[in-house]
Every structure is written in C-alpha cells, then in structure tokens.
Amino acid sequence: MIPKAAVINDLSGFGKCSLTAAIPVLSALGVQCCPLATAVLTGQTGYPHYTCTDLTDMMPQYIRRWKQNGAAFDAIYSGYMTGAVQLRHLEEFLLHFRESGTLFLVDPVMGDDGRVYGMYTPELLEGMRSISRSADLITPNLTEACLLAGKDLGKVTAYRDSKSCLSFAEETARVLQAQAGRPQHVVVTGIRCPDSDAPFIYNLVLTEEGMHLLRSRYFDRSFSGTGDLFASVLCGCRLRGMDTVSAAELAERFLSHSIADTMNENIDRNDGVYFEKFLRELIEGVSSACGRQHTHNKEEYQ
Ligand code: PXL
C-alpha cells in the first residue's frame, strides 16, 4: 500500500507554495496526498492583489465525511491556517485520525524574515504553540521558531556573523524541543546568516541524537514556497522510511538546485521556484535511499 498523508494547507493559484508544493512532491516520493484545503486563494498573500476564500467551515465536514468513509492516514501534515479557529478544528481532526504510528508534522506558518504574515494574531500563535508541542516533527523558519519560543523577532535580523546567528538558532530549537510533550525532531529551515564573504543558507536539524547543520549556497534572494517544499520532502521521505537527517539532506539538495536554476532567470520572488525540473531527483533519491523497500515493493515504487 502506498503511504497516505492528510495535508491541511491552503490552495493558492500562484506562488507554488502550500498544496501546490505538497501535492507534486509527495506524489514524486510515492506518497498519496489527501488535501484538506484551509482556504482557496487566487495567489499567495505576497502578491499585491489576491482574494482569499476561507474554508474554516468546511473543516468539520472533512472530518465527518472522511470518518464516515473510514479514512486513515500514515501522516498528518499541517501548514497555513487562516486563524485560531482552524487550529481548534485541527485538534479535533487529530482526535479522530491520529494513531500511535501516525507521523504528525507541523509547519507552523506565521511569518518570515523577522516579520509576521497578514493572518497572524496572538491567538493564532497560542494555537500554533499548543499544536506544535504535540507534533513529532516541526519545521519552523527562524522567525517562526522565535515566535514559538517567545523570543524577540528583532533578533532574526540583528546578527552580524554566522556563528552567533547559528548559536541563536540552535538555542531556540533546543527550547522548542524541550517544550514538546513528546520526543520531537525540530528542523529550523532557511536560516540566512549575514556574513557577506560567506553567503550560506543553513538548515538545522535537531533530533534525539543531537544537532546536524546542513549548509548550501545562498543566492541573496528568497522565494515563495521554499519552506513548504522543504517540509513536504521531509514528510514524504519520512513516510518512505528515511530518517530525518537523510530526508533533510535530500530536501536541501532539491531546494538548492531548484533555487539555482530559478536564479538564472529574472523571476518575481512571489512566483516561487522551478522545482518541477528537479522532481526526478526526488524520485531517484528516495528509491536509492530505500533500496530494500524498493526491491520488496517493486511494482509499487518503480
Ligand atoms: O509559504 C507560506 C504561505 C502559505 N500560504 C499562503 C501564503 C504563504 C506565505 O506568504 O501567503 C497563502
């Protein structure tokens, strides 16, 4: 059987983020994506013009109908939520569908670059904190990690060298891991350190075995959807049996190739990256990492 993930996130017509990132990535990784749309937007909220239809009232219907049809999931993966009420529905969703072996991944979408997104409210933060504490894996960027840990957002952009920036990120990740009500992996994504002579972007992976830092070239521009692509790769790879560090390594390679290729053309940051060209890398990456499983389930994953 193909693993199944319930993905609770928005559907944006433009921006290659949230569900338009999760669906292709999970499919490439051999995982069925079952979308629970939190909202439908003409485009992500970074565009100068957009309309958002909030689907909060649909959430209890998804729960009810999926339950009636006997749905079950190997992972529950949440992303962009329009407000605190949606987080309460997510809690209800977990009561019905989270089982002992279910991977619960929270991407606590709230902001970036030291700033919060438009839907942010203190109530949303409270809900996001509580849901994040119950997750098996969380994937905040540094801004979101600070919000969850109750740290000053000014710090995200205040550091002048990578050493102090990374030790701040590590300290924050450790606070989050300690706050969790269960063993939790914390992946802080897209940490941009300021040294001008060494433009690198880091992903910090904190597991029960310790901290791993992944580093790749930083191109001095950030694009819509990269955090969502990263979290989606983690979700799919974990469901295929990879460990969090190997999954993050594959995600990082996929992202850095996609971003490098996008940099060759002058495209708007709101439009996201050319990840479609690199989905093959994911297919190949997961099958070589899961060689044994690949042999056992030849027909399924070829
Ligand atoms: O990539 C995060 C994200 C998801 N969904 C919507 C967004 C954003 C970031 O701006 O606007 C609608």
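Order of listing sets the numbers, starting from 1, for every ligand and every atom in it.
Using cut-offs of 30° and 60° on the angle between ring planes, the pair His257 and Phe278 is tilted.
A side-chain N or O of His185 and one of Glu208 form a donor-acceptor pair less than 3.5 Å apart.
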Thr143 and Arg115: side-chain contact (heavy atoms from CB on, under 4.5 Å), yes or no, with the steps? CA-CA 7 Å; Thr143 302; Arg115 288 191 301 271; over 6 Å; no
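Contacts with ligand 1 closer than 4.0 Å are made by side-chain heavy atoms of Asp228 only, the backbone lying farther away.
A cation-pi arrangement, defined by a distance under 6.0 Å to the six-membered ring centre and an angle within 45 degrees of its axis, is present between Arg215 and Phe200.
Ligand 1 is approached by Ser12 to a heavy-atom distance shorter than 4.0 Å. Residue Ser224 places no heavy atom under 4.0 Å from ligand 1.
Within ligand 1, the atoms closer than 4.0 Å to a non-hydrogen atom of Gln44 are 7 (C), 10 (O), 11 (O), numbered from 1 in the order shown. Distances below 4.0 Å separate heavy atoms of Leu41 from the following atoms of ligand 1: 12 (C). For ligand 1, the atoms sitting less than 4.0 Å from at least one non-hydrogen atom of Ser18 are 4 (C), 5 (N), numbered in the order shown with element in parentheses. Ligand-side atoms of ligand 1 in range of Asp10: 4 (C), 5 (N), 6 (C), 12 (C), range being under 4.0 angstrom from any heavy atom.
In this structure, the protein non-hydrogen atom closest to atom 11 (O) of ligand 1 is Thr45 OG1, 2.6 Å. In terms of protein heavy atoms, atom 9 (C) of ligand 1 is closest to Tyr117 CZ, 3.6 Å.
Between the side chain of Asn141 and the backbone N or O of Gly111 there is at least one donor-acceptor pair closer than 3.5 Å. At least one donor-acceptor pair closer than 3.5 Å links the side chain of Gln44 to the backbone N or O of Gly46.
In this structure the side chain of Val273 reaches within 4.5 angstrom of the side chain of Leu229, judged on heavy atoms.
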